[in-house]
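A short worksheet on the structure shown next.
Naming convention: chains lettered A, B, ... in sequence-line order (proteins, then strands); numbering from 1 in each chain. Keep in mind that what you see is a predicted model, and the values were worked out from it rather than measured.
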There are 2 protein chains.
Amino acid sequence: MGNEETVPLAHRVPDLGALELLLTVARVGSLSGAARRLGITQPAASSRIRAMEVRLGVALVDRSPRGSTLTAEGALVTDWARQVVEAAEAFDAGAQALRGRRDSRLRVAASMTIAEYLLPGWLIALRGERPDTAVSLHAGNSADVAKRVLAHEADLGFVEGLSVPEGLDSAVIAQDRLVVAVAPTHPWARRSKGVAAAELAGTALILRERGSGTRQVLDAALASAGGLAAPLLELASTTAVKAAAVSGAGPCVLSELALVDELAARRLVEVAVAGAPLARALRAVWPTGARPAGPARDLLSLTRRG
Amino acid sequence: MGNEETVPLAHRVPDLGALELLLTVARVGSLSGAARRLGITQPAASSRIRAMEVRLGVALVDRSPRGSTLTAEGALVTDWARQVVEAAEAFDAGAQALRGRRDSRLRVAASMTIAEYLLPGWLIALRGERPDTAVSLHAGNSADVAKRVLAHEADLGFVEGLSVPEGLDSAVIAQDRLVVAVAPTHPWARRSKGVAAAELAGTALILRERGSGTRQVLDAALASAGGLAAPLLELASTTAVKAAAVSGAGPCVLSELALVDELAARRLVEVAVAGAPLARALRAVWPTGARPAGPARDLLSLTRRG
DNA sequence: TAAGGTCATAAACTGATGTTATGGGTAACG
DNA sequence: CGTTACCCATAACATCAGTTTATGACCTTA
C-alpha cells in the first residue's frame, strides 16, 4: 500500500484491449480468428500480441500454420488477464447504470455494500438476458434507499440490515456475514478459538462511520455482551477501514463481501467470534403491495433464483 | 458469455492509467497533486479526468480552488476502479514472477489453483516487505511441483491434495473446500437441504481432467459413497468448467477459490453436500530437512502467519 | 497586494494502434 | 500434383489519444 512506483502500473500491464484480445485468442484458437471477432485486422492482432510478449518477457502463444494455442505460461497469464477483464466488465456495468439516471427504464437504489460488490455482477447477468434494459443506480444508506423506493424514485431497492423499513415489502436474497479481521501480525490472528463476544465488545475497533448498516448490526449483536466500546477509528469508506486494519492498527469489522480479496491474499485474517450473531440478511425491497414487474422482476429473480 | 459486443470493452472502460489516476486523485485530494505523484503534468491529469467524465457521462470530482474531492458517484466509480487496478496489480505480480525464470532468487512451484488465485496476492505482499526479491513461478500439477522441489529447481512448492509427496516436508497454510455449484436454473439450486454424497456420486458432473488435484480429492471423498460416476464433461481449464456450469449443462465441482466471483454474482449457486469431506489442505512443501530460509522463508511466513 | 495553491484551455509533439498491401508457410481436396 | 483456403509475419503509411509546454483565471493567506 502506497509504496513509490518508479514506473506506473499502466506501463507494466497491457491495456484492456490487449488483455481482451488475449482472451479471445485463447477462446478462438487463432490470431486472425480473434481479430475478426474483435473487428480488427489480423496484422493488428499479431503485432499487439507480440508487443505484449515483449513487454512481459514471456512467450504467450505457440503459432503454427493451423492456428495459435496458448503456451503453459500463456494459460496462466490468460487467467490473470481474465480477472482484470471481469473487473472491467463490472466497472462497465456499474458505470452504465450510473449514466442512465432519469431517462432509464429500471431505477435501482442500493446500500453501499451491495452497490459496490454485488450489483455490477447482477447487472452483467441482466444485460445477458435483457440486453436492452437501461438501468440507473443510486447508492446510499438504508434510510436513503427506503425513501427513494417509497417516493417511487426507484423501482427496486436493496438494503442490508436487521429490519425492513416501514411501508416496504421485502424478499431475502442472500445472507451476508460480518467478519472480524486483523492483520496477520495481530495477536488475535494466532488464536485458534477466536474471541468471545464480550471481549470483542470491550475492544476498540476500526469501524465505518455511525449510520452505516454494518455499524447497526454490530451494535445490535453486541448489545447483550455489554455494548460496543468506543471505536479505535471511525472511517468514511470501506477501503479506508481495510487499509487501517492491514497496516496493523487494530481489528476491523466488515462484510465478508468486502473482505474476500484481503482474506484470500492473507493481508487480513478472519477471527472467529463466539456468541454473537453477526449474520444479516440482504433484502430486496419495494413499496408494499406493488409487486415488482417488468425489468425489476427480472433483476429480482436473477438475485434470488435458487 | 460470448454475446456480440458492438463496441469492445476497451472503448467503454477507461484504461488502467486513467483508473490509477482517479484512485490517486481520491487519495491525494487534488488533480495537480495526483499528477505530481504519478509523474505527469497537471494539464494531462485534468484532461484525462475530464475525458473519463465525458465517456462515463457522470461527474466524478468536484473541483474547487482548494482541491478536488470525489462526488457521490465518483466514490462509487472509484471503488469499481479499485477492483480493476487490484486485478491488474495481481496480473503484474504474476507476470513479473513469470518473467524472472532462471536468474531470479526465489523460485516457486505451485499447483494451478494456488498459482492462479492465491500467489499473485502473496507476491504483492512480498514485494511490499522485500521489494528487491525477484521471484519466478512455475505452475503444474502436484506431481510436477514435487519433482521440481525435490530436484532443487524450486525453493518452495505449494500443493493442494490429500497426501504430501514422498521426500517432502510440509506446512498447512490454509484450508480449501471443494464446492458443488449449479446454474440458478438447475433443480438442485432449489434444494434447501442440498444433496447426499451418494446422490452426488451417482450424478454425471462437469469436472477438470483426470490428474488434477481437485479430481483426486473428489474421488477419495466419494469412494465410500459408491465412487464417482462417469463425468458429464471433462474439460481442460477451470474457466471452461465454470462456463459449462453457468450455461446450465450440469453441476460442477471446483475449489471455492475459483468460484468466489460466480457465487457472489449468482451466476452459480452452491449446493450443500452432506456426508462427504470436501475440505482439503493447501500445503507449502520443501525437501525433507531443508527448512526454507531467506526469501522462501519470507514468503512462507506471509502465507501462514496467524 | 503579492505569493502560492488550485484548475482550465490552446497548440504542438509523440507513440501506440490501426490500416492496406504484401509474402511465406501448411493442409485438404479434386 | 496444383488449387484453394486457411494460418501467420513484415513493411509503410495513417490516425488519434495522451502528452508537454505555455498561459490565464480563480481563491486563500500572509
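- At a threshold of 4.0 Å, the pair Asp261(A)-Arg82(B) does not count as salt-bridged, since none of the basic side-chain nitrogens sits closer than that to a carboxylate oxygen.
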Quiz item: Please walk me through it: do Arg63(A) and Glu53(A) pass salt bridge (charged side-chain N to carboxylate O under 4.0 Å, His left out)?
Solution: CA-CA 13 Å; Arg63(A) 291 145 237 251; Glu53(A) 288 178 314; 2.2 Å; yes
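- Candidate nucleotides dA9(D), dC7(D), dG18(D) were compared by shortest atom distance to the side chain of Leu31(A), and dA9(D) ranks first.
- Between Ala88(B) and Leu16(B), the shortest heavy-atom distance links the atoms CB-CD2, 3.8 Å.
- Residue Arg36(A) contributes atom CZ, which lies 11 Å from atom C1' of dA5(D) at whole-angstrom precision.
- Residues Leu70(A) and Ala26(A) approach most closely at CD1-CB, 3.5 Å, considering heavy atoms.
- The shortest non-hydrogen separation linking Cys252(B) to Ala245(B) is SG-CB, 3.6 Å.
- Rounded to a whole Å, the NE2 atom of His11(A) is 11 Å from the P atom of dG18(D).
- Regarding Gln42(B), its CD atom lies at a distance of 15 Å from the P atom of dT23(D), rounded to whole Å.
- Nearest-nucleotide positions on DNA chain C place Ser32(B) closer to the 5' end than the other of Ser32(B) and Pro43(A).
- Atoms CG (Leu38(B)) and C1' (dT19(D)) sit 14 Å apart, rounded to a whole Å.
- Nucleic acid contact class of Thr41(B) (heavy atoms, under 4.0 Å, all strands): base.
- Taking side-chain N and O atoms only, Arg66(A) has no distance below 4.0 Å to OP1 or OP2 of dC6(D).
- Within 4.0 Å of Asp62(A), counting heavy atoms only, lies no atom of the nucleic acid at all.
- Across all strands, Ser47(A) comes closer than 4.0 Å to no nucleic acid atom at all (heavy-atom distances).
- Here the C1' atom of nucleotide dT21(D) and the CD1 atom of Ile40(B) are 15 Å apart, to the nearest Å.
- Taking atom CG of Leu16(A) as the reference point, atom P of dA17(D) lies 17 Å away to the nearest angstrom.
- With respect to the salt-bridge test (charged N to carboxylate O, under 4.0 angstrom), the residues Glu20(A) and Arg12(B) do not qualify.
- With Thr78(B) as the fixed residue, the side-chain contact (heavy atoms from CB on, under 4.5 Å) test singles out one of Val85(B), Val25(B), Leu22(B), Val61(B): Leu22(B).
- Running 5' to 3' along DNA chain C, contacts with non-hydrogen atoms of chain A at under 4.0 Å begin and end at dT17(C) to dA27(C).
- What separates CZ of Arg48(A) from C1' of dC8(D) is a distance of 18 Å, to the nearest Å.
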